[in-house]
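The structure under discussion appears below in the form of structure tokens.
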Amino acid sequence: MAACAIRRGLLSAASKYNQHKCIHRTLSAIDFSSGFDPKRAQPLCSACGLSSFQQTRFMSSRNRPEGKILEPVGVFEALKQHGKYETGQLFLHSVFGYRGIVLFPWHARLYDRDVSPAAAADSKPDSVGHGSKEVKGKMHTYYQVLIDTRDCPHISQRSQTEAVTFLANHDDSRALYAIPGLDYVSHEDILPYNSTEQVPIQHELFERFLMFNPSRNPLFTARDTLRAWQEKNHPWLELSDVHRETTENIRVTVIPFYMGMRVRTEGCYVLQWRYCIRLENLGNELVQLRERHWRIFSLSGTLETVRGRGVVGKEPVLSREQPAFQYSSHVSLQAPSGHMWGTFCFERTDGSHFDVRIPPFSLESNKYDKAPPTGYPL
């Protein structure tokens with residue numbers, strides 16, 4: 001319920017704060033066991049409806065033997081409507097509710113099939129045509145971030161915390177390794193805050209990548225190790241295209257990543273990609289994912305069909321309280337490019353079913369076709 005409370009309570013407060021530019025302190029006494037209750041708010045400010053104090057402070061839950069408690073996180077900052085957040089920016093994820101810190105931004109082409117062609121035309125973007133519908137892509141900012149390990153237990157059923165994977169640097173093409181606690185976050189998912197703690201995020205890479213600098217805003221700056229790691233692993237972290245489509249209030253977002261080429265024991269080359277998928281319920285009706293149906297086309301001329309129950313061994317429920325689920329998977333082709341598309345079958349509470357379209361996306365190899373990295377600095 002932590003993500004629900006933060007998303008419904010704090011995002012609303014953040015939006016109001018940003019619109020009216022008021023300075024308040026809201027000590028959010030949210031009961032994470034029962035969700036956010038808007039009736040508890042006692043608005044004193046006529047401008048934005050927030051309790052009138054000096055600053056805005058968020059709270060987070062922490063497991064203790066005696067139960068869940070609240071603890072302060074930091075001081076809320078205004079949302080950025082323009083520009084981007086810098087390395088070292090602390091934030092709360094507006095959907096999954098975890099604490100995190102920005103490592104560096106990515107600029108990706110967002111192909112949003114929910115946007116009309118007229119609305120997208122102003123962005124002067126690239127375009128891709130799938131079927132009879134041309135989709136305009138516009139530039140959008142995403143961030144590579146570290147997740148606070150204290151929050152991983154709260155989000156593990158809703159979002160994978162080891163979703164960023166690499167090919168292992170040896171002959172077994174099926175061997176992967178993961179960097180725990182890395183994520184890709186869209187600009188609109190960030191609720192920025194600051195903290196005077198010198199180590200506000202618990203992650204094994206935090207102090208290796210970032211250092212406290214009280215003379216700057218944000219208060220944390222990149223170490224040389226972060227810059228070196230970004231430069232070395234750029235080919236395997238790079239986010240280039242994002243695809244999004246909504247069917248019956250279920251929005252599917254897909255981010256594909258090229259992972260590199262491997263040689264199998266029989267001598268043939270195999271190219272591998274990973275793809276991250278986020279499912280989000282934008283309505284009020286409770287639904288459950290039951291089946292997946294994929295079509296995978298390779299430039300070599302093959303067309304593969306994949307059907308199965310759920311995704312990554314789960315059949316997630318999307319409700320108003322917990323509206324989102326995010327996971328990663330992998331696909332291999334014996335060709336430098338291909339396409340994937342398909343549907344997810346969802347079930348309503350009355351037993352009826354409906355299909356949700358997975359936006360078609362390309363699998364393209366890139367110029368960084370060399371040996372994958374072997375790890376991160378220790």
Side-chain angles (χ1 to χ4, degrees), residues 2-3 6 57-64 69-77 80 84-94 96-106 141-156 159-166 168-169 176-187 189-239 328 372-378:
I6 291 175
R57 175 166 296 196
F58 290 141
M59 308 298 290
S60 177
S61 66
R62 180 176 64 187
N63 281 331
R64 287 283 183 85
I69 65 171
L70 298 175
E71 63 179 358
V73 169
V75 179
F76 172 71
E77 296 179 342
K80 280 186 179 290
K84 64 180 185 296
Y85 297 103
E86 302 295 334
T87 296
Q89 176 65 61
L90 295 165
F91 70 94
L92 295 176
H93 196 293
S94 67
F96 296 110
Y98 62 73
R99 290 164 285 185
I101 191 165
V102 171
L103 294 181
F104 43 82
W106 292 109
T141 303
Y142 282 75
Y143 301 93
Q144 191 86 62
V145 306
L146 290 181
I147 303 173
D148 194 309
T149 56
R150 293 169 293 183
D151 295 336
C152 289
H154 300 299
I155 66 171
S156 60
S159 178
Q160 292 175 324
T161 57
E162 296 188 355
V164 179
T165 55
F166 297 103
N169 193 19
L176 300 172
Y177 71 86
I179 301 179
L182 277 184
D183 199 5
Y184 293 87
V185 179
S186 177
H187 184 84
D189 286 338
I190 285 186
L191 296 174
Y193 72 92
N194 62 57
S195 172
T196 57
E197 294 183 50
Q198 294 195 21
V199 187
I201 299 295
Q202 291 188 12
H203 190 286
E204 62 178 319
L205 296 178
F206 178 83
E207 293 186 89
R208 298 170 191 169
F209 282 171
L210 300 155
M211 59 181 161
F212 185 72
N213 187 343
S215 65
R216 290 191 72 258
N217 185 25
L219 296 174
F220 302 93
T221 57
R223 294 183 185 271
D224 291 340
T225 50
L226 174 58
R227 299 187 186 97
W229 183 81
Q230 178 186 4
E231 182 178 356
K232 176 183 177 182
N233 295 323
H234 179 280
W236 324 110
L237 296 170
E238 182 179 15
L239 180 155
S328 289
T374 57
Y376 49 87
L378 298 175

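Quick caveat, the model's predicted, so the values are computed rather than measured.
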(message) Between Trp229 and Phe104, does the side-chain contact (heavy atoms from CB on, under 4.5 Å) criterion hold? Intermediate values first, please.
(response) CA-CA 11 Å; Trp229 183 81; Phe104 43 82; 4.0 Å; yes

Just how far is it from atom [atom1] of [X] to atom [atom2] of [Y], taken to the nearest 0.5 Å?
X	Y	atom1	atom2	answer
Ile179	Glu204	CD1	CD	9.5 Å
Asp183	Tyr142	CG	OH	11.5 Å
Arg208	Thr225	CZ	OG1	9.0 Å
Met211	Leu219	CE	CG	13.0 Å
Leu205	Leu146	CG	CG	6.0 Å
Gln160	Ile147	CD	CD1	10.5 Å

At their closest point, which heavy atom of [X] faces which heavy atom of [Y], and how far apart are they?
X	Y	result
Cys152	Thr161	SG-CG2, 3.7 Å
Tyr193	Gln89	O-NE2, 3.1 Å
Arg150	Ile201	NH2-CA, 4.3 Å
Leu210	Arg223	O-NE, 3.1 Å
Pro218	Glu86	CD-CB, 4.1 Å

(request) Answer with yes or no whether the side chains of Trp106 and Gln144 bring together a donor and an acceptor at under 3.5 Å. (result)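 Distance-only check passes for Gln144 and Trp106.
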
(request) Check side chain to side chain contact (heavy atoms under 4.5 Å, CB included) between Glu207 and all other residues, then give those that pass, not counting sequence neighbours. (result)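 Once residues adjacent in sequence are excluded, the partners of Glu207 under the side chain to side chain contact (heavy atoms under 4.5 Å, CB included) criterion are Val199.
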
(message) Could you tell me if the side chain of Leu226 sits less than 4.5 Å from the side chain of Thr87, heavy atoms only?
(response)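 They are in contact (side-chain heavy atoms under 4.5 Å apart), so the answer is yes.
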
(request) Taking the side chain as every heavy atom from C-beta outward, state whether Glu197 and Leu90 have any atom pair closer than 4.5 Å. (result)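 No, every pair of side-chain atoms sits at 4.5 Å or beyond.
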
(message) Looking only at the aromatic ring of each residue, does the gap between the centers of Phe96 and His154 stay below 6.0 angstrom?
(response)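 Here the rings of Phe96 and His154 have centres that are no less than 6.0 Å from each other.
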
Under a 3.5 Å distance rule, please check whether [X] uses its side chain to pair with a backbone N or O of [Y] as donor and acceptor.
X	Y	answer
Arg227	Ala222	yes
Thr149	Gln202	yes
His203	Pro180	yes

(request) Please list, chain by chain and in numerical order, all residues satisfying side-chain hydrogen bond (donor to acceptor under 3.5 Å, both in side chains) with Ser215, sequence neighbours excluded. (result)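 Asn213.
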
(message) Please determine whether side-chain contact (heavy atoms from CB on, under 4.5 Å) holds for the pair Tyr85 and Phe91, giving the CA-CA distance in whole Å, both sets of side-chain angles, and the decisive distance to 0.1 Å.
(response) CA-CA 10 Å; Tyr85 297 103; Phe91 70 94; over 6 Å; no

(message) My understanding is that only residues two or more places apart in sequence, or in another chain, count here; which of them pass ring-ring contact (aromatic ring centres under 6.0 Å, His included) with Phe220?
(response)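 So Phe220 forms a ring-ring contact (aromatic ring centres under 6.0 Å, His included) with Phe206, Phe212.
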
(message) Using the rule side-chain contact (heavy atoms from CB on, under 4.5 Å), only one of Ile190, Leu191, Val145, Val185 pairs with His93; which is it?
(response)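 Going through the options one by one, the only one that passes is Val185.
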
